[in-house]
Every structure is written in C-alpha cells, then in structure tokens.
Amino acid sequence: MEQTKHLQDTPKIVIVGHVDHGKSSLIGRLMYELDQVPEGKFEELKKVSEKRGMEFEFAFLLDALQVERDQGITVDTTQIFFRTKKRNYVFIDAPGHKEFIKNMITGAASADIAILIIDVDEGIKAQTKKHAYILKLLGIKRVITLFNKMDKVNYEENRYLFVKKKLYDYLLKIDVEGLYDIPISAKIGDNIVKKSKKTQWYDGKPLTDVLDNYNYSQNENKNYLRFPVQDIYKLSDKRIIVGRVESGKINIDDELLVLPSNERVKIKSFEEWPKSKKEYHTGECLGLTFSEQIFVDKGNMISHLKNPPKLMNTLEANLFWLSDKKMNLNKKYTLKVNTGEYSINIRKVNKIIDTENLESSNKKIPNKNDVCEVVIHSSQLIPIDDFNVSTKTARFCLLDENEIVSGGIASLKNYPDQKELTNNPNITPVNFNVSEVDRASRFNHRSGVIWMTGLSGAGKSTIAKEVEKKLFFKGFNVFILDGDNLRMGINKGLSFSPEDRTENIRRTAEVAKLFSDAGFIVIVSLISPYRSERKKARDIRPEYFREIYIKASLEECVKRDVKGLYAKAIKSEIKDFTGISSPYEAPTNPDLIIDTENENIEKSVLKLESYISSEFSIKNC
C-alpha cells in the first residue's frame with residue numbers, strides 16, 4: 001500500500017528565531033538557489049532596492065507587504081511551497097518580533113520539524129530562548145539549528161563553537177534535541193544548497209541535503225489512529241462522517257471506538273470521489289459510514305479500540321498566554337482541540353516560567369507572552385492525548401469571546417482517564433424486548449426531549465404546564481421534569497455552584513433519557529445556564545433532543561420576580577443566582593425561540609404545542 005504523499009512528500013517545516021537573525025533571508029536564498037523565484041521578480045526587487053538606496057536582501061523575495069519592507073521585519077506567518085530534487089516542502093516563515101508571537105505559534109503548531117536560526121555574530125537573544133521554549137511547549141522536541149551570518153565573523157570556527165555550546169546548553173535544559181547544526185550564510189549562500197569552501201572545518205551536509213534525508217515519518221505515531229470528526233454529511237439515507245487522519249491508519253475492516261460516547265462500531269464504507277481505497281494513512285482526508293446508526297458529532301474522536309485517546313475533565317497543560325487581557329480564574333474560556341470545542345475554566349496556575357533562566361516567576365497571573373503551567377477543568381469530557389503520546393492531538397488553543405488568548409499542550413499524567421473510571425467490565429447494558437418503534441406505534445408519536453432553557457421568571461414552568469395539559473388531552477404520552485421538583489428529590493443536596501449545576505443537568509438529562517426510552521415526550525423546564533452543559537444533555541439523546549429558548553430580558557424577569565428570588569439575590573441573600581451573581585449563556589442556535597417578553601402566554605403555549613405536534617407525531621416521521 002502506497003504511503004500518503006501528504007507527510008512523506010510535503011513536510012511542513014517552521015523556521016523560528018530572534019528578529020532579524022535571517023529567517024526570511026534564508027528562505028529567499030533557498031528559493032533563489034533552487035531556481036524557484038518567479039521570473040523577473042529578483043531583478044525587479046533589486047531595482048527597487050537600488051532606487052531606495054538600500055542593499056538588496058533575499059528576505060524581500062518573501063515580504064509581499066510594503067509595510068514589511070519599510071519596517072524590515074516579517075509581521076505574519078508566511079507559507080512558501082517549493083521543491084528540491086527529492087521532494088516538495090512547505091516552509092513556514094514565523095515572525096521573530098515579540099509582538100507577533102501568536103502568529104509564530106500558529107505556524108509552529110502544524111510543523112513536522114523546526115529550524116532554529118541564530119545570528120552567530122549577535123549570539124543567543126531572549127527571543128531565541130523563548131522561541132525554542134515555545135517549540136518544546138508545542139511538542140516539537142527535535143530541531144535543526146542554523147548558525148547564520150558566518151560571513152560577518154569571517155567564518156571563524158571558534159565563534160561558531162562558542163555560540164553552539166551556549167545554545168545546546170539551553171536546549172538540553174528544556175529537553176529539546178538539536179538534530180543537526182549547520183554554519184551558514186543566507187546572504188552569501190554558504191552551506192545552504194552546496195557545501196561552502198569557506199567552512200572547510202565543517203564536515204556535515206548542506207541544509208537541503210539534511211532536509212531531503214530526514215525521515216519525517218518517525219515523528220508520527222503509527223500505532224495510534226486519530227481521526228477527529230470535522231463534519232457529518234447527510235446524503236439520502238447515508239450519514240457520512242468526514243475528517244482527516246491525524247495519525248496512524250484506518251482500514252475498511254477495522255472496528256472503531258468513538259469518543260466521548262465510548263460507542264464501538266464497524267466501518268460499512270469509505271466515501272471518496274471519484275473512488276475510494278481500502279486503507280487511509282496520516283494526512284489523508286476521507287468520509288466513512290458505519291454499519292450501525294450511532295450518533296456522531298463534530299469534535300468527536302475516532303480511534304482503534306487499542307491505544308485510544310484519554311477522556312479528561314481535569315488536566316494539566318503548558319500554556320503560552322498571548323493576550324493583553326489578564327487571565328481570569330473565574331471566567332469560562334473555550335478550549336479548541338482538534339475539531340472539538342469545550343467550555344473550560346482555569347482552576348489553578350501552578351507556576352509561571354521565565355524562559356530566560358527557566359526559573360519560576362513570583363507572579364500569580366501570567367502577562368502577555370508568558371509561559372505557565374495550569375490546571376484546566378471542563379464540564380464536558382474531552383477526548384485528548386498527552387503531548388508525549390501524540391503532539392498533534394494534544395495541542396489546543398483557548399478563546400475568550402472568539403479571540404485566541406492562549407495556545408498550549410496537554411499533560412495528562414496527574415489526573416485520571418474518565419474512560420477507565422466509567423467503563424466497568426462488570427456492568428453490561430440490557431436490551432429489552434419492547435423497542436422504541438413498538439412504543440412509537442402504540443402512542444402514535446415518537447419519543448422526545450423538549451429542553452426549555454431561560455432565566456428564572458422567563459415563563460418556562462408556566463408554558464410547560466399548559467403545553468403538557470394540551471398534549472395530554474390530545475393523546476400524547478407526555479411528562480414534565482421541572483428544576484425545582486427535581487431538586488426536592490433526585491437532585492436534593494446539590495448547590496448552585498458551577499460544579500453542582502453541572503451534576504444537576506447531568507442527572508436531569510439521564511432521567512429525561514429514561515423517560516424518552518419509555519416512549520414519553522419529556523418537557524424539561526430548567527434554567528441550565530451553560531451552553532456546554534446543554535450540549536452535553538443533547539448528546540445523550542441527540543436525535544430526539546430539541547432546545548427551546550424561553551427568551552426574556554433580565555430586566556423583565558427582575559420586574560416579574562414571581563418567586564421573590566431576584567430581590568433576595570440583589571441583596572446578596574442568595575449566592576450564585578443566575579443573571580445576578582452567576583452568568584447565563586443564551587443559546588446560539590436553538591431549535592425554537594419563544595419570546596415571552598413580546599408575546600402573551602396563549603401565543604407562547606400555542607407555538608410550542610404546534611412545534612411538538614409537528615416534530616413528533618407519527619404521521620410526520
């Protein structure tokens with residue numbers, strides 16, 4: 001079976017280092033030496049440089065933006081495609097200036113190997129160390145080190161050896177391996193494509209030979225299939241799960257594990273136009289269908305039964321804080337890993353690291369561009385790998401209101417794999433003789449979970465009771481699960497802290513599932529303030545779950561204050577009260593919105609009653 005060309009023939013190589021140490025000049029020189037500069041561009045830029053009275057630099061071949069030429073620094077991550085005699089490459093030119101480190105991380109995160117470049121005349125700078133540490137932070141532990149501008153030190157071996165020792169002492173401390181060290185001059189072209197006669201003391205190969213002979217496949221873990229679900233396409237009766245193989249390989253005969261649901265399933269078909277194969281490898285995109293209809297969602301992770309990723313709700317991580325905003329331990333952030341998004345909070349900052357001397361800082365909260373070690377908690381189970389197992393599926397970023405504030409990698413050694421805790425080999429689910437189809441035929445409607453969310457006082461319970469009555473007299477098998485009633489029984493003893501709210505919703509969702517299994521349409525009336533928790537509830541019975549947003553502004557709900565709770569909350573007599581001292585996250589894409597502030601109760605009840613009848617009556621199935 002031919003290996004995928006993505007990884008073998010087109011490696012991604014990130015070039016990092018201190019500003020003005022020659023990253024862009026190196027790539028420009030490579031393009032020139034390999035005769036891959038667009039015709040006329042080299043001559044054009046030389047003329048422009050002469051007119052401006054400045055010396056031509058090979059970096060100009062990359063600096064497409066006028067502002068970059070004027071400032072003399074690269075301000076964004078640039079991908080450059082070119083080839084040597086042996087293979088294609090994608091070079092990622094990552095900016096060295098500290099204000100553009102976010103782009104540098106973006107580039108490095110997708111790289112197969114890194115080049116760290118140092119001006120041998122200036123020596124190691126703070127940004128050199130910071131960039132090397134970021135590589136380690138992103139799980140890139142092997143680097144090619146280039147000692148540039150040898151022409152400025154008259155190609156002196158002693159200067160090269162001195163700077164090399166300083167750098168390797170630092171790399172050793174942060175557990176980064178220098179694979180090759182090459183003395184070069186990007187300006188003159190020494191040891192880039194051809195061996196230089198000016199460095200007779202150097203017995204290694206030029207850069208292009210090193211790149212061509214490096215075995216990039218050694219960086220991937222072939223024993224760990226990782227297939228993050230990017231989307232689900234529905235074509236006639238097919239549900240096609242699409243994504244890219246991030247590591248390992250997948251065969252048509254494989255049995256797979258889907259996380260976080262822990263469902264086992266076999267492949268029915270591979271879907272690819274114009275034709276599909278029987279096996280796919282790292283870097284290849286494909287669609288597949290399962291032999292059984294199970295629910296799969298975007299962000300799920302598919303693996304083999306052996307060596308699956310872990311399921312974590314608490315984990316440690318190395319973070320690089322990128323934002324001017326201060327880290328807030330009381331705030332919810334969005335963690336994006338692979339194709340999934342999860343609502344998390346940072347529970348603790350274990351330490352902040354000074355990348356200059358690798359000592360712990362006295363600061364409690366990181367500033368922009370600081371590196372720190374933290375503990376992260378998620379209300380949802382996250383399928384993720386430890387960075388020592390698979391760096392690609394351990395890297396993540398944190399977002400605050402759609403703005404990236406941090407990037408990092410997961411360290412999972414100190415917290416338990418929830419998959420192992422929940423998979424009890426002594427518990428086997430029982431399949432009953434009365435099926436859901438039998439129940440639907442008996443009641444003349446499908447099962448359903450109608451999840452009503454909204455602020456206290458928005459009208460959830462009032463609407464639920466009226467709709468239940470109307471549906472019951474129409475012959476529907478219907479029942480209400482009300483938040484207050486549940487807290488008097490199965491959820492008794494739970495507080496209103498974020499952790500207990502999570503458990504309150506989890507229990508309610510499990511009870512709703514049992515009722516839906518019994519053929520009921522279950523109307524859940526619950527504030528359920530967090531989007532992540534409502535998504536988790538949906539994931540239990542997604543095909544029958546409908547999210548209904550009972551919409552009313554906080555001002556209107558305070559004005560109504562049916563139970564007198566807002567008055568107490570405003571006086572701080574009630575802690576963690578949604579809308580006052582605890583947040584409410586309105587649905588972004590609910591199945592139905594009922595605006596009780598702008599429509600009367602009769603209209604609201606009729607809207608929900610009609611919706612449920614239309615969605616779940618057997619004649620519409």
Side-chain angles (χ1 to χ4, degrees), residues 443-488 496 504-505 508-509 512 515-516 520-531 533-534 537-538 544-570 574 577-580 582-617 619-620:
F443 300 124
N444 208 34
H445 65 75
R446 291 188 305 162
S447 304
V449 177
I450 311 301
W451 195 281
M452 299 171 65
T453 176
L455 289 168
S456 177
K460 298 184 299 299
S461 295
T462 302
I463 295 170
K465 288 189 292 185
E466 289 298 316
V467 170
E468 180 194 37
K469 183 170 67 175
K470 288 180 177 294
L471 290 175
F472 179 79
F473 286 115
K474 281 186 172 182
F476 282 76
N477 200 28
V478 59
F479 189 74
I480 294 175
L481 293 178
D482 186 82
D484 284 350
N485 291 346
L486 290 166
R487 283 186 176 274
M488 296 176 70
F496 290 89
N504 180 55
I505 294 169
T508 303
F515 269 92
S516 67
F520 280 80
I521 289 177
V522 192
I523 301 176
V524 178
S525 175
L526 205 64
I527 293 172
S528 44
Y530 304 129
R531 295 188 191 103
E533 299 312 313
R534 298 194 297 268
R538 178 187 287 271
Y544 297 155
F545 188 99
R546 301 292 185 273
E547 184 179 46
I548 314 299
Y549 178 28
I550 309 301
K551 181 179 178 182
S553 67
L554 178 62
E555 293 75 17
E556 177 64 23
C557 292
V558 171
K559 189 190 303 180
R560 294 173 184 172
D561 202 7
V562 180
K563 302 175 184 177
L565 299 178
Y566 281 104
K568 292 181 179 180
I570 291 170
I574 301 177
F577 191 80
T578 303
I580 302 299
S582 185
Y584 176 77
E585 299 172 356
T588 54
N589 190 27
D591 296 289
L592 180 68
I593 297 175
I594 296 177
D595 188 349
T596 63
E597 192 167 351
N598 295 304
E599 61 189 37
N600 59 35
I601 185 67
E602 290 79 12
K603 185 175 180 180
S604 296
V605 169
L606 179 62
K607 182 184 287 188
L608 183 55
E609 178 199 356
S610 300
Y611 176 79
I612 295 173
S613 296
S614 173
E615 285 285 298
F616 295 97
S617 292
K619 61 185 179 181
N620 293 317

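Here, residue 1 is the first one in the sequence, and each next residue gets the next number.
You'll find the side chain of Val522 stays beyond 4.5 Å of the side chain of Tyr544, heavy atoms only. With contacts defined as side-chain heavy-atom distances shorter than 4.5 Å, the pair Ile570/Val558 qualifies. Glu533 places none of its side-chain heavy atoms less than 4.5 Å from the side chain of Leu526. Looking at heavy atoms from C-beta onward, Ile450 lies out of side-chain contact with Glu615 at the 4.5 angstrom threshold. Side-chain contact between Ile548 and Lys460 is absent, with no heavy-atom pair separated by less than 4.5 Å.
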Exercise answer: donor-acceptor pairs, residues 470-481 side-chain atoms, under 3.5 Å, sequence neighbours excluded:
{"residue": "Lys474", "atom": "NZ", "partner": "Glu609", "partner atom": "OE2", "Å": "2.8"}

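When every heavy atom of Pro590 is checked against every heavy atom of Thr588, the shortest pair comes out as CD-C, 3.7 Å. Nearest heavy-atom pair across Trp451 and Ser528 is NE1-OG, 3.0 Å. Across all non-hydrogen atoms, the minimal contact from Leu455 to Ala552 is CD1-O, 3.7 Å.
Residues meeting the side-chain hydrogen bond (donor to acceptor under 3.5 Å, both in side chains) test with Asn485, sequence neighbours left out: none. Residues passing the side-chain hydrogen bond (donor to acceptor under 3.5 Å, both in side chains) test with Ser553 are Glu597, sequence neighbours excluded. For Asp561, there are no side-chain hydrogen bond (donor to acceptor under 3.5 Å, both in side chains) partners two or more places apart in sequence or in a different chain. Under the salt bridge (charged side-chain N to carboxylate O under 4.0 Å, His left out) criterion, Glu547 pairs with Arg534, not counting sequence neighbours. Under the side-chain hydrogen bond (donor to acceptor under 3.5 Å, both in side chains) criterion, Glu599 pairs with Ser604, Lys607, sequence neighbours left out.
Expressed to the nearest 0.5 Å, how far CD of Glu585 lies from OG1 of Thr453 amounts to 10.0 Å. The distance from atom OG of Ser456 to atom CD1 of Ile580, rounded to the nearest 0.5 Å, is 10.0 Å. The distance from atom CE of Met452 to atom CD1 of Ile550, rounded to the nearest 0.5 Å, is 3.5 Å. For the atom pair CG (Leu606) and CD1 (Ile601), the distance works out to 11.5 Å, reported to the nearest 0.5 Å. Of the inter-residue distances, the one linking Thr578 atom OG1 with Leu554 atom CG reads 10.5 Å to the nearest 0.5 angstrom. Rounded to the nearest 0.5 Å, atoms CD1 (Ile463) and CD1 (Ile594) are 5.0 Å apart.
With Ser447 contributing its side chain and Ser516 its backbone, the two residues share a donor-acceptor pair below 3.5 Å. Arg531 places a side-chain N or O within donor-acceptor distance of the main-chain N or O of Ala586, the cut-off being under 3.5 Å. Judged purely by atom type and a 3.5 angstrom limit, Thr596 uses its side chain to pair as donor or acceptor with the backbone of Lys551. Although no hydrogens or angles enter the test, the distance criterion places no donor-acceptor pair under 3.5 Å between the side chain of Tyr566 and the main chain of Gly579. Without hydrogens or angle criteria, Ser617 side chain to Ser613 main chain gives a donor-acceptor distance under 3.5 Å.
None of Phe496, Tyr530, Phe577 except one satisfies the side-chain contact (heavy atoms from CB on, under 4.5 Å) rule with Ser582; the exception is Tyr530.
Ring geometry for Phe515 against Phe520 counts as perpendicular: the plane angle is over 60°, on a 0 to 90° scale with 30° as the lower cut.
Salt-bridge formation is not detected for the pair Glu468/Lys465: no Lys NZ or Arg NE/NH1/NH2 atom is positioned less than 4.0 Å from an Asp or Glu carboxylate oxygen.
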